[in-house]
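It should be emphasised that the depicted structure is a prediction, and the values quoted were computed from it without experimental measurement.
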Amino acid sequence: MIEYFHRQIQLWGKERQDALQNKKVAIIGAGGLGSSLAFALGSSGIGEIHMVDFDTVSTHNIHRQIAFKIGDEGKSKALLNAELIMQRCPFAKAVAHECDFETFAQKNIEVDLVIDATDNLKTRAQIDDYCKSKNLPWIYGSVEAFHGQVCFFENSSFRDAFKITSQTPAGIAAPIVMHIASLQANLAIRYLAGLSVKKDWLYYLFFNADGELVTQKFSVPKS
């Protein structure tokens, strides 16, 4: 274990690394963001990761959902991600839940953190309601075209910050998916390792007309 996590132990010491083994997270969505989160968090030493997704792989998913390859069409996204996590890290337990979030929530599985990797506002509002009822923090992430958003929700209200509507997403570039998932994963790791995290602030990232990456941040209304 020490050899596997050598570079992280250099960063924050063996005590914090050992503590991660007792942490549990739920990743809601096993597609674009979820695949990248599985890669980033699955090999970080978190003891138990729950992958939640009812969907199966389609050909058009593969270019941006890095857990999948040609030949995986029709297979469970949650199951493939869970298998990948355990193949890459012998110290992580990954559990696949081939269902929607409402069904997963009814299982009442105890976790330390919920991470949103979905693609619609309605489910994110359900995640917010569930986490508020459990006094759990959660990390929101969304991507579209060349821009994305991230927020660590603790006391703020997702419903107050966003108008909950049904919306068909626009096109999307693969790298921004991995970029936003990376930011979510960094927030998750810092929180689970007991490091400081800026909470209830929305980070909005986009590329302007000159191709410059711009980051803005906004305070999110409290519940």
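Considering only residues two or more places apart in sequence or on other chains, Lys198 meets the salt bridge (charged side-chain N to carboxylate O under 4.0 Å, His left out) condition with none of them. For the side-chain hydrogen bond (donor to acceptor under 3.5 Å, both in side chains) test, no residue two or more places apart in sequence or in another chain qualifies with Ser219. For Phe104, the ring-ring contact (aromatic ring centres under 6.0 Å, His included) partners two or more places apart in sequence, or in a different chain, are His97. Legend: residues meeting side chain to side chain contact (heavy atoms under 4.5 Å, CB included) with Gln126, ordered by chain and number and at least two apart, are Phe101, Glu102, Lys122, Thr123. Residues passing the side chain to side chain contact (heavy atoms under 4.5 Å, CB included) test with Ala188, sequence neighbours excluded: Leu41, Leu113, Ile115, Ile139. Under the salt bridge (charged side-chain N to carboxylate O under 4.0 Å, His left out) criterion, Lys134 pairs with no residue, sequence neighbours left out. Applying the salt bridge (charged side-chain N to carboxylate O under 4.0 Å, His left out) test to Asp200 and every residue at least two apart in sequence or in another chain returns nothing. Remark: Thr59 pairs with Glu73 by the side-chain hydrogen bond (donor to acceptor under 3.5 Å, both in side chains) rule, at least two apart or across chains. In this structure, the ring-ring contact (aromatic ring centres under 6.0 Å, His included) partners of Tyr4, at least two apart in sequence or on a different chain, are Phe91. For Leu79, the side chain to side chain contact (heavy atoms under 4.5 Å, CB included) partners are Ser76, Glu83, Ala96, not counting sequence neighbours. In this structure Lys217 satisfies the salt bridge (charged side-chain N to carboxylate O under 4.0 Å, His left out) test with no other residue, sequence neighbours excluded. Remark: Glu48 engages Lys24, His50, Lys93 in a side chain to side chain contact (heavy atoms under 4.5 Å, CB included) (not counting sequence neighbours).
Although no hydrogens or angles enter the test, the distance criterion places no donor-acceptor pair under 3.5 Å between the side chain of Asp72 and the main chain of Phe68. Side chain of Ser157 to backbone of Asp160: a donor-acceptor contact under 3.5 angstrom is found. The main-chain N or O of Pro175 is never found under 3.5 Å from a side-chain atom of Arg64 such that the two would form a donor-acceptor pair. Arg16 contributes a side-chain N or O that, together with a main-chain N or O of Ala193, makes up a donor-acceptor pair within less than 3.5 Å. At distances below 3.5 Å, at least one donor-acceptor pair connects side-chain atoms of Arg190 with backbone N or O atoms of Ser196.
Defined by atom type and a distance below 3.5 Å, a donor-acceptor pair is present between the side-chain atoms of Asp116 and Thr118. Between the side chains of Gln216 and Tyr203, no donor N or O sits under 3.5 Å from an acceptor N or O.
Proximity of Met51 to Val95: side-chain heavy atoms (C-beta onward) are nowhere separated by under 4.5 Å. Side-chain contact between Ile46 and Ile189 is present, with at least one heavy-atom pair separated by less than 4.5 Å. At least one side-chain heavy atom of Gln149 sits under 4.5 Å from a side-chain heavy atom of Phe162. No side-chain heavy atom of Pro137 sits under 4.5 Å from any side-chain heavy atom of Phe153. Here the side chains of Val25 and Val111 are not in contact, with every heavy-atom distance at 4.5 Å or above. A 4.5 Å side-chain heavy-atom check between Ile180 and Ser142 finds every atom pair outside the cut-off. With contacts defined as side-chain heavy-atom distances shorter than 4.5 Å, the pair Val214/Leu205 does not qualify. In this structure, Lys77 and Gln65 have side chains that are in contact, with non-hydrogen atoms separated by less than 4.5 Å.
Across Ile176 and Ala145, no two heavy atoms sit closer than the pair CG2-O, 3.4 Å. Across all their heavy atoms, Val220 and Ser156 have their closest contact at O-OG, 2.9 Å. Residues Ser44 and Gln17 approach most closely at O-NE2, 3.0 Å, considering heavy atoms. Nearest heavy-atom pair across Ile27 and Ala38 is CD1-N, 4.3 Å. The two residues Ser35 and Ala30 have their closest heavy-atom pair at OG-O, 3.6 Å. When all heavy atoms are compared, the tightest approach of Asp112 to Asn22 is OD2-O, 4.0 Å.
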Check step by step if side-chain contact (heavy atoms from CB on, under 4.5 Å) holds for Gln184 and Phe152.
-> CA-CA 8 Å; Gln184 289 182 284; Phe152 189 109; over 6 Å; no
Residues Leu202, Tyr140; criterion side-chain contact (heavy atoms from CB on, under 4.5 Å); working and verdict = CA-CA 9 Å; Leu202 177 72; Tyr140 156 71; 3.8 Å; yes
Any chance you could lay out the side-chain contact (heavy atoms from CB on, under 4.5 Å) test for Met1 and Asp18, step after step, and finish with the verdict?
-> CA-CA 10 Å; Met1 179 174 170; Asp18 289 342; 3.7 Å; yes
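If you chain together hydrophobic residues whose side chains sit under 4.5 Å apart, Leu33 and Ile172 fall into the same group. Clustering ILVMFWY residues whenever any of their side-chain heavy atoms sit less than 4.5 angstrom apart, transitively, puts Met86 in a cluster other than the one holding Leu80. Grouping the Ile, Leu, Val, Met, Phe, Trp and Tyr side chains by contacts below 4.5 angstrom, directly or via other members, places Leu213 with Val150. Residue Met178 is grouped with residue Leu84 when hydrophobic side chains (ILVMFWY) are merged at heavy-atom distances under 4.5 angstrom, including chains of intermediate members. Hydrophobic clustering keeps Phe5 apart from Ile85 (ILVMFWY residues linked when any side-chain heavy atoms are closer than 4.5 Å, directly or through intermediates).
More than 12 heavy atoms of other residues, nucleotides or ligands shown are found within 6.0 angstrom of CD on Gln10. Phe146 CZ: 12 or fewer foreign heavy atoms inside a 6.0 Å radius. The number of heavy-atom neighbours closer than 6.0 Å to NZ of Lys107, taken from other residues, nucleotides and ligands shown, is above 12. Within 6.0 Å of the CG atom in Asn208, the count of heavy atoms belonging to other residues, nucleotides or ligands exceeds 12. Heavy atoms of other residues, nucleotides or ligands lying less than 6.0 angstrom from CD1 of Ile70 number more than 12.
In this structure, Arg124 does not pair ionically with Asp128, as no charged nitrogen and carboxylate oxygen lie closer than 4.0 Å. Using a 4.0 Å cut-off between charged nitrogen and carboxylate oxygen, Lys132 and Asp129 do not count as a salt-bridge pair.
In summary, the aromatic rings of Phe158 and Trp138 are positioned with their centroids under 6.0 Å apart. Taking the six-membered ring for Trp, Phe218 and Tyr204 have ring centres at least 6.0 Å apart.
The CG atom of Asp53 sits 9.5 Å away from the CD1 atom of Ile28 when rounded to the nearest 0.5 Å.
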